[in-house]
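This report refers to the structure that appears directly beneath it.
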Amino acid sequence: MIECKAVSKTYQIGDTVTEAVRNICFKAQVGEFVVILGHSGSGKSTLLSMIGGLTRPSGGQVAVAGEDIWQWSDNKRAKFRNQTIGFVFQFASLIPTLTVLDNIALPSLFGEGMTRAARLRARDLAGIVGLSDKIDSYPSEISGGQQRRVAISRAFLNDPRIVLADEPTGDLDEATEAQVMDVFTGMCRQHKTTILMVTHNRDLIKSADRTLVMKDGAIL
Amino acid sequence: MGLLWLATQNLSRRAFRTVMLAAAVAVAGGAVFATTVVLRGIDQSLTRGLNKFGADLLVVPQNALVNMKTALLTGEPSTFYMPESVIADARAISGVTKVSPQLFLATANGQHCIVGNAFLVGIDPATDFTVLPWLTNKLERPFVGGDAVVGGNSPYGLGGLIYFYGQYFIVYGKLDRTGIGLYDNAIFISIDRAYGLAEAAKKYEDVPAFGFKRGDVSAVLIQIGNAAKANLVRFALARNPEIKVITAGNVVTSVRQNVAVLFGGTLVLTAVLVIGNILMITAIFSSIVNERRRELGLLRAIGATRYGVFQLVEAEALTLTAMGSLLGIVVGAVLLRAFTRTIGYNLELLNIPFLWPSLAEIGVLAAAIVCLSMLVGTIGAAYPAIVGSRMDPYDSIRAGE
């Protein structure tokens with residue numbers, strides 16, 4: 001499903017060249033739940049952004065279903081992000097001017113359009129993460145943990161084949177963290193969704209099928 | 001629901017900023033709208049009024065050029081005379097199709113005339129082609145000797161009775177308002193009755209003698225056949241050193257020169273407002289795009305194309321400028337309405353003809369201002385929109401971390 005071949009990313013600031021990701025090679029199968037473990041600055045978020053078509057690698061290939069996504073046009077990659085990928089970022093990443101329901105349904109705006117069906121699905125997802133009573137609230141009116149759950153619901157709106165989650169439980173309490181992990185594992189098992197989750201929390205390893213450890217931009 | 005929905009959500013949830021920006025656009029849009037309406041009124045008045053004038057050439061005594069222009073534009077009584085031989089001379093020129101004389105005289109103040117210091121114009125009903133053919137508001141019978149035609153500003157209605165020097169006239173027709181003083185303020189009677197009035201006035205000791213004798217005329221209006229060349233006719237007429245030939249274009253040019261400063265000032269004002277608004281929108285939307293980097297990066301992450309981000313920023317600018325310009329037009333219209341009299345009075349002081357454009361024309365002007373404002377919004381937001389669309393999504397998402 002996902003194959004990284006010698007993927008690397010370097011940043012140049014002035015004369016200083018920093019290798020954020022170095023020669024990463026790995027595969028993730030359909031329905032596999034992979035946790036990428038590493039400390040802050042180990043390059044795991046950068047790797048996730050390259051797999052998700054957000055940051056162009058400096059070298060190597062990122063193939064999804066056998067196709068190098070960085071050979072595609074920008075529009076095709078945008079469609080890929082909309083239809084195939086679900087992102088959960090480190091921070092809540094909600095649009096402050098939209099309600100919880102509209103935030104969850106937002107990806108449909110760039111696909112089928114924000115249809116009634118999309119909003120119904122968004123409502124269902126809000127129910128799954130326990131936010132049925134908050135769908136008309138704005139992000140500023142709910143807690144950080146609730147905002148995170150909204151972002152997770154949004155990632156699943158288009159039934160993506162791949163979910164890329166960057167520290168999705170970062171600022172959640174234990175009970176909510178368990179609830180969120182149940183959502184991830186449930187989706188992974190029921191819908192054969194491939195999940196790549198980046199975290200520094202070793203407790204999350206138990207939910208994963210496989211764990212990769214990153215340090216200084218490389219997989220150990 | 002699409003990007004426009006998202007744009008309106010963004011605008012409505014940031015109400016204070018939206019209202020302030022819309023107000024800034026409204027000030028500019030309202031100012032341009034109000035000045036455009038006034039200028040259109042002046043231009044329309046000149047064009048319509050002088051088209052109605054109908055004559056290609058106007059012959060007046062050599063020294064009466066300035067007085068004639070004043071008489072035409074303001075309707076102030078002007079009196080100057082020349083021999084009637086000019087009529088025959090004009091008719092004899094090849095290419096001339098219509099010739100009609102006019103005689104100008106002023107009414108006396110006091111009890112002898114119903115309106116004092118009014119501009120009376122004697123026309124020849126048999127040859128006139130500048131007054132009677134334009135009458136739509138008239139009695140259902142032909143014009144006769146005892147009739148008068150009043151201008152659009154006159155308080156007298158059809159069938160009313162007016163008198164000058166003991167002579168009574170029935171108001172036969174009333175001209176539509178044109179903004180041109182002569183047609184709005186003057187009173188037209190037959191030239192024969194005008195000569196008669198001069199005779200009648202002699203019996204009043206307090207009325208000074210009119211400076212003409214029967215047969216004299218003040219102006220001769222000439223229409224030229226399509227094939228004829230106006231310059232050739234003018235050249236032929238100019239052989240008479242006692243006369244001066246004026247074209248309608250001369251008068252329009254003369255007035256336009258008078259209002260050139262106004263036109264020029266308005267153009268500069270419009271240009272300054274347009275450029276100022278473009279710069280303001282560019283600056284503010286650059287700030288907005290920068291402030292919302294993470295939001296735009298997020299939209300890219302969930303499927304927005306670069307063009308989609310560009311469209312979103314542009315949609316916000318378009319919505320904002322459309323709202324602002326509509327608000328400006330409403331405010332501009334209210335101010336125009338409130339200052340209708342002042343505007344008319346001040347333009348009259350400057351000898352500038354003015355006629356309010358029709359509602360349909362004002363509507364078209366308003367639509368044009370909205371379109372112009374939206375164009376300003378599009379141009380102003382273009383650079384920030386391009387910058388926003390080209391930002392690296394991942395860098396944008398991590399902005400501020």
Side-chain angles (χ1 to χ4, degrees), chain A residues 9 11 20 40 45-50 52-56 73-99 102-116 118-119 138-140 151 154-155 157-158 160 164 166, chain B residues 1-19 21 285 288-317 319-320 385-401:
Chain A
K9 180 71 184 178
Y11 293 102
S40 177
S45 294
T46 306
L47 174 65
L48 216 58
S49 74
M50 290 189 286
L54 293 177
T55 303
R56 183 177 287 277
S73 68
D74 189 69
N75 282 357
K76 188 172 179 184
R77 241 185 341 269
K79 191 174 179 186
F80 160 75
R81 288 194 294 266
N82 182 251
Q83 305 287 311
T84 310
I85 304 276
F87 281 104
V88 182
F89 296 103
Q90 280 185 39
F91 50 90
S93 68
L94 302 181
I95 304 290
T97 54
L98 300 183
T99 62
D102 288 339
N103 262 291
I104 297 173
L106 193 58
S108 64
L109 192 70
F110 305 105
E112 67 193 276
M114 205 175 271
T115 57
R116 185 176 156 77
R119 292 171 77 86
Y138 286 91
S140 59
R154 184 183 60 205
L157 183 89
N158 282 342
L164 305 176
D166 190 353
Chain B
M1 286 191 287
L3 286 172
L4 191 61
W5 167 77
L6 191 53
T8 53
Q9 291 293 313
N10 286 334
L11 290 172
S12 61
R13 288 289 293 175
R14 291 173 170 112
F16 181 74
R17 183 170 68 192
T18 302
V19 168
L21 273 171
F285 272 82
I288 289 173
V289 163
N290 198 42
E291 177 194 309
R292 283 165 50 194
R293 266 185 91 166
R294 184 178 275 190
E295 203 174 305
L296 296 179
L298 175 73
L299 293 177
R300 294 272 283 131
I302 62 175
T305 59
R306 284 181 180 163
Y307 184 55
V309 170
F310 177 86
Q311 282 181 306
L312 176 65
V313 176
E314 284 287 11
E316 284 189 30
T319 309
L320 192 78
I386 290 168
V387 169
S389 68
R390 287 188 177 170
M391 287 190 303
D392 181 276
Y394 184 60
D395 286 347
S396 303
I397 289 166
R398 300 194 70 171
E401 272 186 31

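- If you check the side chains of Arg154(A) and Ser93(A), you find a donor sitting under 3.5 Å from an acceptor.
- A salt bridge links Arg14(B) and Glu295(B); the closest N-O separation between the charged side-chain nitrogens and carboxylate oxygens is under 4.0 Å.
- Contact annotation for Tyr138(A): only side-chain heavy atoms (C-beta onward) come within less than 4.5 Å of a heavy atom of chain B.
- There is no contact between Ser108(A) and chain B, counting heavy-atom distances below 4.5 Å.
- Residue contact with chain A, scored on non-hydrogen atoms closer than 4.5 Å, involves the side chain of Asp392(B) exclusively.
- Of the atoms belonging to Leu6(B), it is side-chain heavy atoms, and not backbone ones, that fall under 4.5 Å from chain A.
- Partner of Arg17(B) under the side chain to side chain contact (heavy atoms under 4.5 Å, CB included) criterion, chosen from Leu11(B), Leu320(B), Asn10(B), Ile288(B): Ile288(B).
- Neither the backbone nor the side chain of Thr115(A) comes within contact range of chain B; no heavy atom of the residue lies under 4.5 Å from a heavy atom of that chain.
- Options Gly86(A), Gly53(A), Pro107(A) differ in how many heavy-atom pairs under 4.5 Å they form with chain B, and the most are formed by Pro107(A).
- Asn158(A) places no side-chain N or O within 3.5 Å of a backbone atom of Gln83(A) that could act as its donor or acceptor partner.
- Between Arg390(B) and Asp74(A) no salt bridge is recorded (no basic side-chain N to carboxylate O distance below 4.0 Å).
- Residues Gln311(B) and Leu4(B) fail the side-chain proximity criterion, which asks for heavy atoms closer than 4.5 Å.
- With a 4.5 angstrom heavy-atom cutoff, Leu106(A) touches chain B via backbone and side-chain atoms both.
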